[in-house]
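Below, read A as the first sequence line, B as the second, and so on, with proteins coming before strands; counting in each chain starts at 1.
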Protein chains: 2
Amino acid sequence: MTVHEHGRYSTGVEDLPYRSVPEAAVGRLAVYLRVLTSMIEQGVTTMSSEVLAGAAGVNSATLRKDLSYVGSYGTRGVGYDTARLVEHIERLLGLTRHHSIAVVGIGNLGHALANYPGFPDRGFPVTALFDLDEDLIGVPVGGLPVDHVDSIPAICAEREVTIGVICTPVPAAQGVCELLVAGGVRCILNFAPIVLQVPDDVEVRRVDLAVELQILSFHQVRRCNGNGVGPVVEPIDPIAVSR
Amino acid sequence: MTVHEHGRYSTGVEDLPYRSVPEAAVGRLAVYLRVLTSMIEQGVTTMSSEVLAGAAGVNSATLRKDLSYVGSYGTRGVGYDTARLVEHIERLLGLTRHHSIAVVGIGNLGHALANYPGFPDRGFPVTALFDLDEDLIGVPVGGLPVDHVDSIPAICAEREVTIGVICTPVPAAQGVCELLVAGGVRCILNFAPIVLQVPDDVEVRRVDLAVELQILSFHQVRRCNGNGVGPVVEPIDPIAVSR
DNA sequence: GCGACTTTGTTCCTGCGTTCACAAGCGGCT
DNA sequence: AGCCGCTTGTGAACGCAGGAACAAAGTCGC
């Protein structure tokens, strides 16, 4: 640990000038990061907030404020140096360090995620796979053999897994979650449509595909309401909405 | 329920009382819906806001406020009738009508989504699959043959697809998106890590798995700051943040 | 039948996040 | 070298969402 002046930054808090980064901004920063790396590949070395905001689909003022959480690394009258910005965003997001991933539940979705190139490409190598099914144990998926869920704690601890991805059916999810926590995993990405109960120091993000569709459905219905297509939302009493 | 001088009395639905359902509330309502259906399967007929909120992982006041957008269907002193609540949430979310889905890009992820039971189970039947790869055309995936992307507009229009799911690589995503829009699709769930450009009347929701991981990474780093594992967050420039 | 208890529905308030708008700063041009 | 125009960074206002608290309302016990 190449710590510098320990005395000056004794608390470890002042080490982080980004004291309060809004949750929403974190998500957007990750998006900026992707846009930026893509632009760098195309040889772009400088971008204005206006252009970057357009590519990321946000307001330019929002973008500038988000970037101000990272620090002031733009040049007025010119824009941002793409390479430098990437570097600083990666630092803020903790991507200077690789986070190894464990995928639990090697069904259709787990299979896909185990092979998802976007994970290793972004610095998240998949280093462990788990399932209950005896027929799957030992079978290599994406070059990595599947282990039994019972060995989650040991293997996660050994391989220093920092992120667990749960793709199991609902009934297994909570149990798997506890095994991951026992293995020292403090970050969980949960695809099972259930709210996991975890200790306070564990962060869970849920990705519920059906919920996404339902939100789309809601907007669809609201948009079509009264456009002449038909009464998509009917009054309450009529039996059912049959189109 | 009080009658407002606003004019129409509150029969609950007809007079567009969901003029203003907060975006965040829509997402939560979908979660409540899932919890409720699960509870109904277990024979639960009545739930208090406290219990339901706990299962959904939200504050009970927030839950009651969310439900008030749907209408007042609880009984004071008792709680909510689960079946009735499900019915009304489904109506609000537009789930009384089935939304057929097209999946574009039958790679690992597309394969998984085409077979994802959560979609049909929730009233979102997958009715069309598309890919570019000639070797895949005609091959049944989950009982449904894959068609060529060129036929997206025709087939989507014919089968009345309302939601398009994009699982293609980034370079193909925008083009596929436009084909879907040409086929009359107004709702898109995008798994490609790119911000799609669409007309105003098209709603896009993006699911970016790498972004989710990066958000987790951010929280992990902030939590573990100073745990001795390594220089997780390195000092910024000497002259970092001046104000 | 009546009182007490339980739970909803709503109102108010606080805090956060987003947007607007503008001053400060930097490069390019003459 | 100095001015001009462009872009950043930020202070202030606005709007929205979330949480606490409370009154209305309906049920259960006696």
Okay, side chain of A:His99, backbone of A:Gly94: is any donor-acceptor separation there less than 3.5 Å? yes
Quick one: list whatever passes side-chain contact (heavy atoms from CB on, under 4.5 Å) with B:Glu41, sequence neighbours left out. none
Go through the structure and list residues passing side chain to side chain donor-acceptor pair (under 3.5 Å) with B:Asn190, not counting sequence neighbours. none
Walk me through whether B:Val185 and B:Leu179 qualify under side chain to side chain contact (heavy atoms under 4.5 Å, CB included). CA-CA 9 Å; B:Val185 177; B:Leu179 289 172; over 6 Å; no
Contacts of type side chain to side chain donor-acceptor pair (under 3.5 Å), residue B:Arg205, not counting sequence neighbours: A:Glu212
What residues in residues 24-40 of chain A put a non-hydrogen atom under 4.0 Å from any atom of DNA chain C? A:Ala24, A:Arg28
When rounded to whole Å, the CG to P distance for the pair B:Leu67 and C:dG9 reads 7 Å
Taking N or O atoms only and anything under 3.5 Å, show me the protein contacts with nucleotides 28-30 of chain D, one pair per line.
none

Given C:dT7, is OP1 or OP2 found less than 4.0 Å from the side-chain N or O atoms of B:Ser48? no
Salt bridge (charged side-chain N to carboxylate O under 4.0 Å, His left out) involving B:Arg76 - partner list, sequence neighbours excluded: none
Please report the distance, rounded to the nearest Å, between OH in A:Tyr80 and C1' in C:dG25. 13 Å
Residues of residues 55-66 of chain A with any non-hydrogen atom less than 4.0 angstrom from an atom of DNA chain C: list those, numerically ordered, please. A:Asn59, A:Ala61, A:Thr62, A:Arg64, A:Lys65
Could you tell me how far apart B:Leu85 (CG) and C:dT7 (C1') are, to the nearest whole angstrom? 14 Å
Would you check, one step at a time, whether the test side chain to side chain contact (heavy atoms under 4.5 Å, CB included) holds for A:Val26 with A:Tyr69? CA-CA 10 Å; A:Val26 176; A:Tyr69 297 122; over 6 Å; no
Does C:dT7 have OP1 or OP2 under 4.0 Å away from a side-chain N or O of B:Ser49? no
Quick one: does B:Thr82's side chain have a donor or acceptor within less than 3.5 Å of a partner on B:Ile40's backbone? no
Partners passing side-chain contact (heavy atoms from CB on, under 4.5 Å) against A:Ser49 (at least two apart in sequence or in another chain): A:Ser60, A:Leu63, A:Arg64, A:Tyr80
Which residue in the set B:Val70, B:Asp81, B:Leu29, B:Leu67 passes side chain to side chain contact (heavy atoms under 4.5 Å, CB included) when paired with B:His88? B:Val70
Report the distance from atom OH of B:Tyr73 to atom C1' of C:dG9, rounded to the nearest whole Å. 14 Å
Please list every donor-acceptor pair under 3.5 Å in which a side-chain atom of residues 166-178 of chain A meets a protein atom from a residue at least two apart or in another chain.
| residue | atom | partner | partner atom | Å |
| --- | --- | --- | --- | --- |
| A:Thr168 | OG1 | A:Ala173 | N | 3.4 |
| A:Gln174 | OE1 | A:Gln197 | N | 3.0 |
| A:Gln174 | NE2 | A:Glu178 | OE2 | 2.9 |
| A:Gln174 | NE2 | A:Gln197 | O | 3.0 |

Counting distance only, does the side-chain N/O of A:Thr75 pair as donor-acceptor with the main-chain N or O of A:Val78 below 3.5 Å? no
Rounded off to whole Å, could you give me the CD-to-C1' distance for the A:Glu50 and C:dC20 pair? 13 Å
Under the side chain to side chain donor-acceptor pair (under 3.5 Å) test, residues paired with A:Thr37 that sit two or more places apart: A:Arg122
Quick one: B:Tyr69 OH to D:dC16 P, roughly how many Å, whole number? 11 Å
Candidates C:dG9, C:dC26, C:dG17 - which lies nearest the side chain of A:Arg76: C:dC26
Residues in side-chain contact (heavy atoms from CB on, under 4.5 Å) contact with A:Ala30, at least two apart in sequence or another chain: A:Leu93, B:Val211, B:Gln214
Work out how much the helix from C:dG1-D:dC30 to C:dT30-D:dA1 bends between its end axes, five pairs an end, to the nearest 10 degrees. 10°
Which whole-number value in Å describes the distance from A:Leu52 CG to D:dG9 P? 12 Å
